[in-house]
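Numbers restart at 1 for each chain; the letters A, B, ... are given by sequence-line order, proteins then strands.
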Amino acid sequence: MTLPLIVALPFLGALLPGLMIRAGRTPCALTTAAFTALALLGLILHAPAVIAGQVITARIEWLPQLGLAASFRLDGLGLLFAGLILGIGLLIILYARFYLSSRDPMGVFYSYLMLFQGAMVGIVLSDNILLLLVFWELTSLSSFLLIGYWKHLPEGRQGARMALAITGGGGLAMIAGMLMLGQIAGSYELSVILEHRVEIQSSPLYAPALVLMLLGCFTKSAQFPFHFWLPHAMAAPTPVSAYLHSATMVKAGIFLMARLWPVLSGTAEWFWIVTSAGLITMLVGAAVALFKDDLKAILAYSTVSHLGLVTMLLGMGTNDAAVTAVFHIINHATFKAALFMAAGIVDHEVGTRDIRRLGGLARLMPVTFGLTTVAGLSMAGIPPLNGFISKEMMLEAAVHTHWLGGPWTLAALATLGALLSVAYSFRLVGRTFLGAERHDYPHHPHDPPEGMWAAPALLVGLVVAIGLAPMAMTGWIVTAAADAVTGQSLHPHLKLWHGLKPALVLSILAVAGGALLFAAHGGAARAWAALPRLEGKAIFDRTTAALAAAARRLAEGSHDGALTRYMAIATVAMVAAGVWAFATGDHAAGTRAGTPIQPVALAGWTLLMVCTAATVVAHRLRILAVLLVGVVGLMVSVAFAYLAAPDLALTQISVEVVTVVLMLLALNFLPRTTPRESSVPRRLRDGGVAVAAGLAVGALTLAMLMRDFALPSVADYYLANSKTEGGGTNVVNVILVDFRGYDTFGEITVLGIGGLLIYALTETILRGGPANDRLLSWPRDRERAGDRHPMMLVVATRLILPIALMVGVFIFLRGHNLPGGGFIAGLIVSIALVMQYAASGFGWTQARQRIDYHAMIGVGVLVAAGTGVGAWFNGLPFLTSAYGYVDPPVVEEFELATAALFDLGVFLTVTGAVMLTLSSLSRVAVRAGETVATRPYDTDPRATQTGGH
Amino acid sequence: MMASHWIIAPVVLPAMLGAFLVLALRHDLWLQRVFGTAGMVALLAVALGNLAAASSGPPQVYLLGDWPVPFGILLVLDRLSALMVALQAGLALAVTVYAVATGWDTRGRHFHALMQFQMMGLSGAFLTGDAFNLFVFFEVLLIASYGLMIHGGGGARLKAGVQYIAFNLVGSTLFLTALATLYSVLGSLTMADIAVRAAALPAGEGAMLRVAVVLLFLVFAVKGALLPLQFWLPGTYAAAPGPVAALFAVMTKVGAYAVIRFHLTVFPETTAAIGPMVETLLMPAALATLVVGALGVLGARTLGRAVAFAALASMGTLFTAVALGTPQATAAAIYYTLHSTLAAAALFLAVDLVRDRRGGDGLDLVAPPIAQGGLIAAVFFAGAIAMAGMPPLSGFLGKLLILDAARGPVQSWVWSVVLVTSFLTILGLARAGSLVFWKAHQSPAEPAPHPAEPWAFAALGLLLAGLVALTVLAGPAMDWIGATADELHARSPYLDAVLNARPVAQALPPEG
């Protein structure tokens with residue numbers, strides 16, 4: 001079986017439980033187990049070759065540009081870990097089948113569990129460190145899901161988030177570390193990296209890479225000071241605690257340290273950081289474990305302590321220590337998983353796992369008692385169990401290591417750790433099972449069904465067997481794994497009796513001391529309770545809460561919908577960037593001569609500026625402000641005319657009229673004045689920003705006006721080719737409908753969309769809701785003109801209508817050669833129609849015409865686009881124009897251009913958009929109580945009723 | 001040799017279909033749905049055809065009105081523009097299906113027509129080779145997006161809509177100012193011609209050109225939500241209808257696309273008058289955007305705002321890659337563009353499903369579990385993983401690509417900011433997700449019944465499938481994207497294609 005398949009099997013297995021649960025709980029568990037078993041089988045088939053010293057590899061390219069490949073390797077270390085993961089995984093699946101209650105969604109549980117298993121197998125079989133990172137973070141994610149499995153428990157949710165934050169965060173640091181490592185070695189393949197010990201250790205990036213990577217390992221393996229997440233992860237169901245948080249996931253960090261041991265270890269940095277962190281973790285974990293009352297908490301801190309022990313061994317950097325580390329990984333996995341399962345059994349059967357409420361269970365639950373005792377004694381390091389052997393070897397290694405001030409410091413502290421370990425192990429077993437039977441257990445305790453104790457029993461069997469015959473049971477795998485860790489060929493001898501060495505003395509001391517401490521636990525607990533201490537979770541919670549609060553203030557506070565502030569900041573940024581860009585550039589002053597000031601121009605510009613200033617002063621009086629803006633617009637159109645741009649002037653003036661009319665209509669349904677909302681300093685600030693922006697744009701415009709094009713502009717081409725190529729003498733119109741007709745096509749669509757948008761918005765408002773309610777209760781007490789639809793106006797507009805339409809047609813037709821065109825014509829016709837509506841009211845007028853303005857917009861855009869598409873049939877690109885001259889009888893010869901058809905589209909869209917807007921506003925008016933006139937001209941009905949003014 | 005008319009189809013097809021929907025189908029929702037969805041399918045097909053055409057040859061130029069360069073407007077179909085149009089079309093198809101399935105298109109008028117016009121605007125902006133025409137299509141997509149944004153109405157949405165349109169109209173004004181300045185110096189609007197002219201600028205004109213260029217990039221920064229012009233984004237995205245927010249995931253990319261296009265093709269660092277001006281401004285702004293976005297995710301009050309801030313952060317990441325300026329980094333940026341568009345869209349749709357069932361997306365809101373909660377939570381989880389850049393989805397690969405491309409003096413800055421903000425994003429999304437999806441189970445109440453809406457989930461599944469494909473096929477995808485980045489950095493394929501383009505009529509015999 002290929003390695004990728006072994007890794008893939010658990011992932012594939014993750015897909016099925018969610019479905020198989022429909023067939024029942026046992027089929028679900030069996031299907032899940034089948035995938036794990038199959039993967040384990042695949043692994044076992046490779047085992048003989050690996051033990052013989054071969055390294056099995058497989059490789060699938062994934063992202064070669066990055067050096068990321070799905071490449072796998074299986075050596076002794078990988079075999080050991082993958083075996084543990086899959087083997088214990090199988091037992092956990094069995095155990096969980098009986099542990100989970102019928103209320104728990106088992107399918108989901110197994111899916112998460114298999115996801116985790118796949119990720120874990122992936123870590124230990126990866127040959128590419130980027131691929132390893134992928135699996136690494138996947139374990140954090142699946143662990144997040146598993147810890148939060150009981151969604152209704154707040155501690156589960158908090159524990160899950162904390163675990164994700166710490167281990168995921170460490171993973172991010174590791175990303176940086178791995179990338180650095182890869183940059184030094186020139187490859188992300190482990191097989192290459194492991195060859196580059198000298199380069200890596202002499203690189204200036206070694207120290208930062210090491211620290212970043214160790215951050216990842218320490219967070220994952222719960223090393224001090226990141227250990228505090230692990231006990232809170234115990235909110236997960238016990239199978240998860242047993243699997244992830246004792247046997248496998250927390251060993252990922254240790255695995256990685258072992259994996260990279262050949263290239264990273266042996267330096268002073270490595271020794272000091274890793275050994276010290278391991279030692280402190282071992283002591284802190286053991287000390288806390290001694291004073292916890294929750295069985296799972298005791299086991300959790302004990303796990304922390306044992307992980308510290310293995311870390312310390314790896315930090316020492318000697319071959320013996322590495323062998324011991326490998327051996328202890330096996331031993332710890334066996335006894336700790338068994339203990340967790342036993343704790344789960346107690347919790348399950350008794351209904352509590354608080355040892356203050358337990359005791360005396362030995363007779364009631366003999367099987368559980370036996371299993372727990374053997375595993376607990378192994379944890380305490382009592383011969384002839386496997387925990388004893390690795391503890392002896394650990395003490396032996398400690399004796400040979402100089403650390404902080406002398407040869408004995410480390411040995412003494414390691415013995416202290418062992419002593420504490422003995423004490424809490426005794427306490428765990430003693431306070432749960434020994435002593436008098438109680439009468440207040442939450443449930444009636446009894447041993448669980450065989451299915452539930454089978455898994456721990458198997459593990460306990462291993463504990464004893466390994467203890468009695470370590471070499472026969474584990475020699476092969478320890479040798480293979482230790483060879484892989486150290487990169488050398490070692491011949492470790494594992495034996496129960498090490499002879500009369502200092503380690504034995506220390507061991508005896510530890511057991512004796514631990515027993516004494518257990519006996520004196522009451523006093524010690526009081527002393528411990530009196531000690532000041534830092535609670536990791538509290539600090540974490542405070543820190544994250546403070547961080548979240550600060551983030552909320554900063555991010556949400558600055559994005560609180562204060563548009564003026566947004567605008568002020570944006571404007572300042574724009575002005576500053578522009579000024580900076582100008583100041584850092586190469587500038588020669590413009591060479592054009594200024595024109596003398598003409599009186600007419602002076603008057604015009606003065607009026608323009610006065611109106612602008614007046615708008616600023618009067619902006620709270622909305623109608624006045626709109627009128628003033630209208631004056632500004634008219635002055636701009638005058639300026640266009642004055643500066644010989646009649647097309648622009650015509651466009652501007654018609655646009656101005658239409659917008660002012662529509663805005664006045666809209667203002668009808670808004671408050672007349674804008675309330676004062678800003679303080680004087682705010683207004684000064686905003687005024688300052690606005691003035692700065694105005695000055696900047698003014699200066700920029702002046703600079704543009706004072707200089708010629710730096711390079712010849714394209715304008716000359718238009719002047720030269722407008723008639724010959726575009727068929728029109730009005731260059732502006734030819735640009736609009738031909739040279740740049742595509743722009744016009746876009747812009748009329750904008751106008752059309754605008755009309756649709758206003759319509760849709762009106763529909764939404766009128767459908768009900770606060771805006772509609774406001775309209776319905778619109779105050780009617782405003783002063784009104786007595787004659788709503790004055791006869792004079794009606795008569796005048798009726799007369800004007802045909803003339804205005806004629807003008808529209810005329811302007812449209814002449815557009816190609818003289819100022820005019822579809823856009824202006826559309827606006828002129830719209831104004832003529834708007835006047836009819838103004839005179840007789842919308843309802844009356846609307847009833848007398850059949851055109852739907854939606855359709856007008858649709859047809860307009862279609863005609864314009866269709867004209868463009870027509871060119872395709874001549875084999876020419878979109879919007880290529882054609883024109884010719886026709887000489888019909890009676891009238892003069894005139895020109896026919898496809899551009900005119902395009903312009904018709906423009907005309908229709910513009911008219912449709914304006915009229916649709918007007919119609920939308922009228923609908924608002926009707927909702928606000930405006931009545932539809934029944935005659936072309938009338939007076940205000942209410943004014944008539946009250947006798948008129 | 002004239003380029004094929006298919007180049008302009010992504011503009012003309014939705015424009016005409018949109019007009020047709022308004023003209024003939026406005027009274028029948030089912031017809032609108034059928035034609036709207038079919039239009040998106042057709043657009044996607046055309047876009048994929050164009051993508052295939054662009055992959056197999058040099059950039060193609062389409063001279064509108066058959067005017068010679070640089071006097072008319074022209075479209076350029078190169079690998080990048082073809083890719084962006086395909087991305088937009090794929091996203092729009094998913095969004096349309098989702099909107100139909102959830103009934104969002106019934107909550108206001110003209111949804112499908114506005115979607116078509118939105119497509120027209122986006123395609124036009126991606127395909128154009130003319131600076132002023134880019135402005136025009138920015139307007140098209142802005143007005144259409146405003147219509148979509150306020151679709152369905154409601155006080156909060158209309159308020160956010162006013163801010164959106166007001167802020168973007170400031171951007172439009174700035175765009176016109178920038179174009180006027182640019183034209184007053186260079187005398188041309190065709191992007192390739194501008195590039196040639198900028199390189200041949202006489203002495204004493206540099207400052208004016210620099211002002212034009214900096215203003216132009218500020219416009220793109222408004223579109224791309226780059227600090228300090230990002231303020232419009234969180235409110236807009238959080239208040240917009242879910243499917244529209246999902247579509248908006250590609251709107252910010254228009255800004256990023258324009259920056260890439262103008263920075264690499266038109267005004268590269270080698271232009272004497274401009275130099276490294278763009279990078280100088282872009283890198284700090286990008287990193288700051290990333291930080292603000294990530295803080296926003298952590299501090300957000302609602303799920304929608306958390307996702308909106310995550311979208312902001314993703315723009316920071318994207319612009320960081322763009323600012324690095326190497327071909328490798330550009331390739332990473334393009335990959336990240338694809339990824340973050342799909343991821344943000346998926347998340348916004350997931351948030352919409354939550355809002356619809358939960359009666360709100362406030363994190364403080366106490367609500368019972370929701371119907372289809374497990375599936376929605378799973379979808380959100382997948383989207384959040386992608387968005388935060390956690391393995392195994394494409395976000396992780398994208399971030400690795402960017403980190404790997406960051407070499408030299410900026411490396412430590414880029415690495416620390418990207419990794420620390422990833423951490424904040426993970427914290428924030430985990431918090432938001434667990435409050436919304438897990439905490440609900442404290443309540444013993446059964447979920448309120450809700451229609452199953454399988455097609456809504458299918459649309460979401462389509463986006464997630466895109467993310468998975470981008471992950472699994474990262475190698476081939478990066479081969480293609482790498483070639484695209486090389487083409488952009490080489491410049492000559494684009495410039496030569498435009499400058500050598502000839503009108504069709506010149507090749508035809510004169511008419512008798």
Side-chain angles (χ1 to χ4, degrees), chain A residues 61-63 65-66 134 137-138 151-152 157 161 164-165 168-169 172 176 548 551-552 554-556 559 561 563 566 569-570 573-574 577-578 581-582 585-588 704 709-711 713-714 717 742-743 746 749-750 753 756-757 760 763-764 854-855 858 861-862 865 872 876-880, chain B residues 5 8 15-16 19 22-23 26 63-66 71 73 108-110 117 133 136-137 139-140 143-144 147 153 163 184-188 197 202 204-207 210-211 214 218 228-229 231 234 295-296 298-299 390-392 404 415 419 422-423 426-427 430 434 438 441-442 474-475 478 504:
Chain A
E61 283 301 340
W62 185 2
L63 186 51
Q65 294 85 346
L66 187 64
V134 171
E137 293 287 56
L138 264 183
K151 307 182 190 67
H152 54 280
R157 298 196 299 269
R161 267 154 61 186
L164 179 68
L172 290 171
R552 175 164 294 191
L554 208 89
E556 286 280 25
H559 294 77
L563 187 60
Y566 297 177
I569 293 174
M574 289 166 187
F582 186 82
D586 152 38
H587 185 67
M704 277 190 247
F709 287 106
L711 295 160
S713 92
V714 293
Y717 176 88
Y742 183 61
D743 279 344
T749 316
V750 170
I753 300 169
L756 297 178
L757 188 157
E763 280 284 300
T764 317
H854 278 103
V861 173
L862 279 176
W872 291 351
L876 290 164
F878 189 67
L879 282 177
T880 307
Chain B
H5 296 304
I8 199 172
M16 295 186 82
V22 172
L23 172 64
R26 66 179 178 280
L63 301 178
L64 286 153
D66 209 29
F71 305 110
I73 299 170
R109 299 299 291 271
H110 294 313
F117 287 127
N133 190 243
V136 170
F137 278 89
E139 294 304 290
V140 176
I143 193 84
Q163 304 209 337
S184 84
V185 178
L186 298 178
S188 179
R197 286 167 181 245
E205 301 285 348
R210 285 170 71 85
V211 174
V214 102
L218 284 172
L229 305 172
F231 290 105
L295 286 174
L298 187 59
M390 293 281 275
D404 193 51
W415 282 31
L419 291 172
S422 295
F423 180 64
I426 293 168
L427 279 186
S434 75
W438 285 356
H441 289 270
Q442 270 180 334
M478 278 308 285
V504 183

Handout entry: Flag side-chain contact, heavy atom, 4.5 Å: B:R210 against A:F582
Key = no
Handout entry: Option in A:A555, A:A570, A:A710 with maximal non-hydrogen atom pairs under 4.5 Å from chain B
Key = A:A710
Completion exercise
Which of B:L64, B:I8, B:V504 passes side chain to side chain contact (heavy atoms under 4.5 Å, CB included) with A:P877? Answer is B:V504
Problem - Atom of A:A165, atom of B:L427 and distance for their closest heavy-atom approach - result: CB-CD2, 3.2 Å
Completion exercise
When the 4.5 angstrom heavy-atom criterion is applied to A:L172 and chain B, the contacting part is both
Problem - Close side-chain approach of B:M16 to A:V861, heavy-atom, < 4.5 Å - result: no
Practice task
Answer yes or no: is there a side-chain heavy-atom contact under 4.5 Å between B:Q442 and A:R157?
Solution key: yes
Problem - Interface residue of largest heavy-atom contact number with chain B, from A:L138, A:D743, A:L757, under 4.5 Å - result: A:D743
Fill in the blank from the handout: Most heavy-atom pairs under 4.5 Å with chain B, out of A:G858, A:A548, A:A865, belong to A:G858
Handout entry: Closest non-hydrogen atom pair between A:H587 and B:A207, with its separation
Key = CB-CB, 3.5 Å
Exercise for the section: For the pair A:Y566 and B:F231, name the ring-plane relationship: parallel under 30°, tilted 30 to 60°, perpendicular over 60°. Expected result: parallel
Fill in the blank from the handout: Most heavy-atom pairs under 4.5 Å with chain A, out of B:G296, B:S188, B:A430, belong to B:A430
Practice task
Verify side-chain contact (heavy atoms from CB on, under 4.5 Å) between A:L164 and B:M390, making sure each step is shown before the conclusion.
Solution key: CA-CA 11 Å; A:L164 179 68; B:M390 293 281 275; 4.2 Å; yes
Exercise for the section: Examine the side chains of A:R161 and B:S434 and answer whether a donor and an acceptor come within less than 3.5 Å of each other. Expected result: yes
Problem - Spatial distance of atom CG (A:L554) from atom CG (B:L295) [nearest 0.5 Å] - result: 6.0 Å
Fill in the blank from the handout: Here the pair of heavy atoms bringing A:A551 nearest to B:G299 is CB-N, 4.0 Å
Problem - Residue pair B:V22 / A:H854: nearest heavy atoms and the distance that separates them - result: CG1-O, 3.4 Å
Exercise for the section: Nearest 0.5 Å please: distance from the CD1 atom of A:I753 over to the CD atom of B:E139. Expected result: 10.5 Å
Exercise for the section: Give, as side chain, backbone, both or neither, the part of B:L419 having an atom under 4.5 angstrom from any heavy atom of chain A. Expected result: both
Practice task
Name the region of A:L711, side chain, backbone, both or neither, that has any atom closer than 4.5 Å to a heavy atom of chain B.
Solution key: both
Practice task
Heavy atoms only, distances under 4.5 angstrom: which of A:T749, A:D586, A:L862 has the most pairs with chain B? Name it, please.
Solution key: A:D586
Practice task
Decide side-chain contact (heavy atoms from CB on, under 4.5 Å) for A:E763 and B:H110; before the verdict, give the C-alpha distance in whole Å, the side-chain angles of both, and the deciding distance to 0.1 Å.
Solution key: CA-CA 10 Å; A:E763 280 284 300; B:H110 294 313; over 6 Å; no
Exercise for the section: Would you mind checking which part of B:V214 comes under 4.5 Å of any heavy atom in chain A, side chain (CB onward), backbone (N, CA, C, O), both or neither? Expected result: side chain
Handout entry: Short side-chain to backbone donor-acceptor contact, A:E137 and B:P392, under 3.5 Å
Key = no
Practice task
Check whether B:F137 gets within reach of chain A through its side chain, its backbone, both or neither, counting any heavy atom under 4.5 Å.
Solution key: side chain
Handout entry: Under 4.5 Å from a heavy atom of chain A, the part of B:L298 involved
Key = both
Handout entry: Side chain, backbone, both or neither of B:R197 within contact of chain A (heavy atoms, under 4.5 Å)
Key = both
Practice task
Select one option (side chain, backbone, both, neither) describing which atoms of A:T880 are under 4.5 Å from chain B's heavy atoms.
Solution key: both
Fill in the blank from the handout: If one checks every heavy atom of B:P234 against chain A at 4.5 Å, the contacting part turns out to be side chain
Fill in the blank from the handout: Whatever's closer than 4.5 Å to a heavy atom in chain B on A:E61 counts as neither
Handout entry: Between A:W62, A:F709, A:Y742, the one whose heavy-atom pairs under 4.5 Å with chain B are most numerous
Key = A:Y742
Handout entry: chain A contacts, top residue of B:L218, B:V211, B:L23, B:I73 (heavy-atom pairs, under 4.5 Å)
Key = B:I73
Problem - Heavy-atom closest contact (B:P228 atom, A:A573 atom, distance) - result: CG-CB, 3.5 Å
Fill in the blank from the handout: Among A:L879, A:L63, A:T764, the residue with the most heavy-atom pairs under 4.5 Å to chain B is A:L63
Handout entry: Inter-residue atom distance B:D404.CG - A:Q65.CD, 0.5 Å rounding
Key = 11.0 Å
